[in-house]
Amino acid sequence: MLHLADIRENKDEYIKALTKRNFDASSIFDQVISLDDKRRSTQTSLDNTLAESNKLSKEIGMMFKNGEAHKANILKERTVKLKEDSKDLQDALATTIAELDQLLYTIPNIPQDSVPAGKSEDDNEEVFRKGAIPTLDEGSLPHWELAKKYDIIDFELGNKITGAGFPVYKGKGARLQRALINYFLDKNTAAGYMEYQVPHLVNEASGFGTGQLPDKEGQMYHAGIDDLYLIPTAEVPVTNMYRDSLLEEKDLPITCTAYTPCFRREAGSYGAHVRGLNRLHQFDKVEIVRLEKSENSDAALDGMVEHVKSILDELKLPYRILRLCGGDLGFTSTLTYDFEVFSTAQDRWLEISSVSNFKTFQANRLKLRYRDADGNKQLAHTLNGSALALPRVLAGILENYQTLTGIEIPEVLIPYCGFERI
RNA sequence: AGAGAGGUGGCCGAGCGGUCGAAGGCGCACGCCUGGAAAGCGUGUAUACGCCAAAAGCGUAUCGAGGGUUCGAAUCCCUUCCUCUCUGCCA
């Protein structure tokens, strides 16, 4: 969430930037500021009341000690009113803070200057494209047909075990998936990211820290008995490792990578575009996360983009990079680049990575700070990206590398697979 | 899962109703000492919020978390989370 001091300082600028999201912040900012004023004055009154109360208590204590019980009992009566007042002020303060937070939760992050205005994904700006789109033979198939033909992914079996959106990978399909995970992790660690294995269920505080809660509660699976959430992305557990932390500037950047399955309810998704691997309730993903000092985060985002590009270059898949417009930008992000791979047999682009700079938006919730060279504490910047999300990369490989007699394996994956074609 | 013990500052550890944000030690920073270092000595060493233009300063809160008793709680009571030991179960 946004920082109160920042809102006060940059109000007009923020309002303008938020119009790119089609979000009108003017009245909400006024409410926020007036609530914050109220919070402060209430805090002051409460502090004064408590100070007086503390003072009296000390005096009473001294009196009892000096054997002046009678005087002490008289003084006690004066504390009754103070106690009532402080109780009321405490309640008022709690209410005001709750209202303030409630309001702050509804305000999305401030888009950067380079973010184009726009309503939907149609307004995203293509900034890069690479890789030849192959000309497929007559009779080429979409990946779900290929999966059946070569018996490498069984969607029906997943339906039986769990339900739609939980495919079963078999034989060379499973092996190819594992190869991709290992290849991605190797690429990421070679680039300096530290590998982690993290929990796949998180508590409420973690979901809140990275911004999934309370906004996207309905998108996560919830294990009610233990009040835990299945992770929708490794971003949640990985970033939350650093919740409530005060780092030293020399510790930064901190760079992490983790492979996890991801679980998403995808409520509201339906239709032909969710076929096959295009949209699943459970999928695998290798994620990269960076914590940066403020002045470095823009460059860090560019570095992450270059890193993901290098992976796709090695896989020799046709892809493009989009700069998301304000309307399509995630709630917590200031700038996001989506990577899409071209799915030849479906004749459409599939999102396979999303690389974002959240600046201090998550850190503010996470209480993730660092001490800079001057000894001042400031919020760290958090960034993350997929490197990469598996199913659609798999779909891209199956479709783009298909021949009438089998599916070639991208050269870079052959050592990981142990076979050259399916 | 059952029984017991416990969660205190960066770490160890005392305190078990009042002057306790909290002894003592370690660590860390600075200074003295030294040719230099070690040792020794001295000083300092939490976070958040509020008041203040700001610094200084002052106030408030924080001894796992939340609530309660009390004029007053690290200390007493309740709830909850976590850790350890023993028993049980188990990949």
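Since this is a predicted model, take the numbers as computed values, not measurements. Quick note on labels: first sequence line is chain A, next is B, and so on, each numbered from 1. The basis for the numbers below is simple: all heavy atoms, side chains too, and nothing from hydrogens, waters or symmetry mates.
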Worksheet item: Which ranges of RNA chain B pair up as stems, where a stem means three or more consecutive Watson-Crick or G-U pairs with both distances under 3.5 Å?
Response: B:1-7 with B:81-87, B:10-12 with B:24-26, B:27-32 with B:40-45, B:46-51 with B:57-62, B:64-68 with B:76-80

Considering only atom [atom1], compute the distance from [N] to [M] and round it to an integer number of Å.
| N | M | atom1 | answer |
| --- | --- | --- | --- |
| B:A5 | B:C90 | C1' | 25 Å |
| B:A48 | B:C32 | C1' | 36 Å |
| B:C78 | B:U70 | C1' | 16 Å |
| B:C77 | B:G17 | C1' | 13 Å |
| B:U62 | B:U75 | P | 10 Å |
| B:C20 | B:C41 | P | 26 Å |
| B:C16 | B:G59 | P | 27 Å |
| B:A46 | B:U8 | C1' | 13 Å |

So, [X] versus [Y]: side-chain donor-acceptor pair below 3.5 Å or not?
| X | Y | value |
| --- | --- | --- |
| A:N278 | A:R275 | no |
| A:E399 | A:Q346 | yes |
| A:T49 | A:D85 | no |

Worksheet entry | A:H307-A:Y193 aromatic ring centre distance below 6.0 Å | yes

Worksheet item: Strictly under 6.0 Å, is that where the ring centroids of A:F208 and A:Y105 end up?
Response: yes

Please report, rounded to the nearest Å, how far the [atom2] atom of [N] is from the [atom1] atom of [X].
| X | N | atom1 | atom2 | result |
| --- | --- | --- | --- | --- |
| A:L379 | B:U47 | CG | C1' | 14 Å |
| A:N203 | B:C82 | CG | P | 10 Å |
| A:L75 | B:G18 | CG | P | 19 Å |
| A:E248 | B:A46 | CD | C1' | 14 Å |
| A:D244 | B:G64 | CG | P | 16 Å |
| A:R243 | B:G64 | CZ | P | 19 Å |
| A:L93 | B:U62 | CG | P | 13 Å |
| A:R371 | B:G10 | CZ | C1' | 11 Å |

Discussion item. Looking at A:K309, I want to see if its NZ is surrounded by more than 12 non-hydrogen atoms of other residues, nucleotides or ligands under 6.0 Å.
Written reply: yes

Worksheet item: So with a 6.0 Å cut-off around CG of A:D113, is the heavy-atom count from everything else above 12?
Response: no

Worksheet item: For the side chain to side chain contact (heavy atoms under 4.5 Å, CB included) test, which of A:L322, A:L312, A:I311 pairs with A:F339?
Response: A:L312

Worksheet item: Mapping A:K55 and A:K377 onto RNA chain B by nearest heavy atom, which one lands closer to the 5' end?
Response: A:K377

Worksheet item: Across the strands shown, which category fits A:K87 at heavy-atom distances under 4.0 angstrom: base, sugar-phosphate, nothing?
Response: sugar-phosphate

Worksheet item: With sugar-phosphate meaning primed atoms plus P, OP1 and OP2, does A:K367 contact a base, only sugar-phosphate, or nothing at under 4.0 Å between heavy atoms?
Response: nothing

Worksheet entry | Criterion ring-ring contact (aromatic ring centres under 6.0 Å, His included) on A:H3 and A:F361, from CA distance to verdict | CA-CA 8 Å; A:H3 200 62; A:F361 197 85; over 10 Å; no

Discussion item. Whether A:K172 engages the ring of A:Y150 as a cation-pi pair (distance to the six-membered ring centre under 6.0 angstrom, angle to the ring normal within 45°) should be assessed.
Written reply: no

Under 3.5 Å, which protein N or O atoms sit close to an N or O of nucleotides 49-53 of chain B? Give each pair with its distance.
from  : atom 1 : to    : atom 2 : distance (Å)
B:C49 : O3'    : A:R39 : NH2    : 2.6
B:C49 : O2'    : A:Q43 : NE2    : 3.1
B:G50 : OP1    : A:R39 : NH2    : 2.6
B:G50 : O2'    : A:T44 : OG1    : 2.5

Worksheet item: Any side-chain heavy atom of A:I397 sitting closer than 4.5 Å to one from A:E408?
Response: no

Fill in: A:I152 vs A:R175 side-chain heavy atoms within contact, under 4.5 Å
no

Item to complete: Take the angle between the ring planes of A:Y14 and A:F29 and call it parallel below 30°, perpendicular above 60°, tilted in between.
Response: tilted

Discussion item. With a 4.0 Å cutoff (strictly under), does any side-chain N or O of A:R369 reach OP1 or OP2 of B:A48?
Written reply: yes

Give me the distances for all protein-to-nucleotides 69-74 of chain B N/O pairs that come in under 3.5 Å?
from  : atom 1 : to    : atom 2 : distance (Å)
B:C71 : O2'    : A:S57 : OG     : 3.1
B:G72 : O4'    : A:S57 : OG     : 3.2

